[in-house]
Amino acid sequence: MEKLIKKPSEEIYEIEFSGQFIPEKLSPLWFANKKLLGKKEARQAKIVNIYEGSHCSFKTEFLEIYIQPHRFRILSKNLNSYDLVNDMGISIAKILEDSLYDDFYLNLKLHYTFPSDETLAKMLNKLHNTNQWNEIFDSNQLHAIQLFNFNETETYMQKTLLSISPCDRTDMQHTTHLFIKNHFHRNPENSSIVSILESNEHRIDSSIILANKIIKKYF
Amino acid sequence: MNPLEATTDKCVNLYTDSTVHDYDITNNNSFTYDYKWEGIVIDLKENELIARLIESSTNEEDELVFPIKNVPEDDLELLEIGAIFNFYVGYKKINGTVQNSDFIKFRRKKIDNTDIDDILDTMNEIDFGSVLEEH
């Protein structure tokens, strides 16, 4: 796996499915029954919340699972465990194949903390030439930027969405998001979610390479 | 798909809406790890497993022997020659004290009928019969 050239204050690799799910049914016990978690691992899972018809979220030592009626997310807060996220994602896509829509995401979510608000603002202003706004605002400051890149293959269409924006979390000061979301839309005629996931098991590498380019140039 | 097409049926910004931090931000895992080796079981003895390992960032290879008692109880059913596992090295925080620690985690991936069919197709293509006859 590629390595980030600068250690983030938080790192997340995530697979996000869209579909129709019954959150309360998909408890840690269900995962253990399907052999996706060990029995002890499932028993020791930390339940974040389970609300009937609304949420089921829990954490194990390596993975976090968040299920809502139309979203199913598997994530790890350590990029070294990207393969465990992929294994779980591929297994879920096989078991719940009929519940999935044609779209899913492979996300790299990074948080980078700067020494001060001033250094963070300076970095944000480097992302885009804001001089052209001088006639509108006397003293303008770039708040956030979003870009995407579009790619199409025979079996799927893919959009890479890049977002850099300040983080509003109270536990993180002078921090920015560097989020890279790879949005896949399968061609239902000739591909399955599983086959696209399997052919993109190392997509995290291209996301890290992209993040490194941005870090090197702007951070 | 039009590249500019909306990705949801609601008027939301995927990055600035409340879903940006819709995960538990507390980190209460007991084990924190910085180093990972990817391993494959190449032999099994009564109390030990022998594995070929690759360090995930340097790709350095090594062969190591692990006592089977270090395999988590949950993963014993996955233990066989050819099984793939991760070996993590990090630290544990116990009652405020930091201790070096390591963890073996076997990979779990659901094998479905299509996978089994693919394996059988590949085996048929290889034509083991004629290979055996030659020897």
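In what follows, chains are A, B, ... by sequence order, proteins preceding strands, each numbered from 1.
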Donor-acceptor pairs under 3.5 Å, side chain of residues 187-195 of chain A to any protein atom, not counting sequence neighbours: which ones?
unit_1: A/Asn187; atom_1: OD1; unit_2: A/Glu189; atom_2: N; d: 3.0
unit_1: A/Asn190; atom_1: ND2; unit_2: A/Glu154; atom_2: O; d: 3.3
unit_1: A/Ser191; atom_1: OG; unit_2: A/Thr155; atom_2: O; d: 2.9
unit_1: A/Ser191; atom_1: OG; unit_2: A/Asn187; atom_2: O; d: 3.0
unit_1: A/Ser192; atom_1: OG; unit_2: A/Ser195; atom_2: N; d: 3.0
unit_1: A/Ser192; atom_1: OG; unit_2: A/Ser195; atom_2: OG; d: 3.1
unit_1: A/Ser195; atom_1: OG; unit_2: A/Ser192; atom_2: N; d: 3.1
unit_1: A/Ser195; atom_1: OG; unit_2: A/Ser192; atom_2: O; d: 2.9

Subject >> chain B contact via A/Glu10 - which portion, at a heavy-atom distance below 4.5 Å >> reply: side chain
Subject >> Toward chain A: residues of residues 72-88 of chain B with heavy atoms under 4.5 Å >> reply: B/Glu73, B/Asp74, B/Glu77, B/Asn86, B/Tyr88
Original post:
Checking heavy atoms, do the side chain of A/Ile12, its backbone, both or neither come under 4.5 Å from chain B?
Top reply: side chain
Original post:
In residues 58-68 of chain B, which residues are in contact with chain A at a heavy-atom separation under 4.5 Å?
Top reply: none
Original post:
Going from OG on B/Ser56 to CD on A/Glu2, what distance comes out if it is rounded to the nearest 0.5 angstrom?
Top reply: 11.5 Å
**OP:** Select one option (side chain, backbone, both, neither) describing which atoms of A/Lys39 are under 4.5 Å from chain B's heavy atoms.
**Re:** both
Subject >> A/Asp171 portion near chain B, given a 4.5 angstrom heavy-atom threshold >> reply: side chain
Original post:
Which region of A/Tyr156, side chain (C-beta onward) or backbone (N, CA, C, O), has a non-hydrogen atom less than 4.5 Å from a non-hydrogen atom of chain B, or is it both or neither?
Top reply: neither
Subject >> Within 6.0 angstrom of A/Lys6 NZ, more than 12 heavy atoms from elsewhere >> reply: yes
Original post:
Do other residues, nucleotides or ligands put more than 12 heavy atoms under 6.0 Å from the NZ atom of A/Lys3?
Top reply: yes
Original post:
What do you reckon, is CD1 of A/Ile5 surrounded by more than 12 foreign heavy atoms closer than 6.0 Å?
Top reply: yes
**OP:** Side-chain contact test, heavy atoms from C-beta onward, threshold under 4.5 Å: evaluate it for B/Asp24 versus A/Ser57 and give yes or no.
**Re:** no
Original post:
Any idea which of A/Ser18, A/Gly38, A/Cys167 has the most non-hydrogen atom pairs under 4.5 angstrom with chain B?
Top reply: A/Gly38
**OP:** To the nearest 0.5 Å, tell me how far A/Leu84 CG sits from B/Arg107 CZ.
**Re:** 6.5 Å
**OP:** Calculate, to the nearest 0.5 Å, the distance between atoms NZ and CG belonging to B/Lys105 and A/Leu63 respectively.
**Re:** 7.0 Å
Subject >> Identified side-chain hydrogen bond (donor to acceptor under 3.5 Å, both in side chains) partner of B/Asp22 from the options A/Gln68, A/His55, A/Arg73 >> reply: A/Arg73
Original post:
In terms of heavy-atom pairs under 4.5 Å with chain B, which of A/Met172, A/His70, A/Met1, A/Arg169 leads?
Top reply: A/Arg169
Original post:
Any side-chain heavy-atom pair from A/Asp87 and B/Arg108 closer than 4.5 angstrom?
Top reply: no
Original post:
Tell me, side chain or backbone of A/Ser81 under 4.5 Å from chain B's heavy atoms, or both, or neither?
Top reply: both
Original post:
What residue in A/Asn149, A/Thr60, A/Leu37, A/Asp168 has the most heavy-atom pairs under 4.5 Å with chain B?
Top reply: A/Leu37
Subject >> Straight-line distance of B/Tyr23 OH to A/Glu14 CD, nearest 0.5 Å >> reply: 8.5 Å
Original post:
Which residues from residues 31-42 of chain B are near chain A, with near meaning under 4.5 Å between non-hydrogen atoms?
Top reply: B/Phe31, B/Tyr33, B/Asp34, B/Tyr35, B/Lys36, B/Glu38
**OP:** Let me know if A/Glu41 has heavy atoms under 4.5 Å from chain B in its side chain, its backbone, both or neither.
**Re:** both
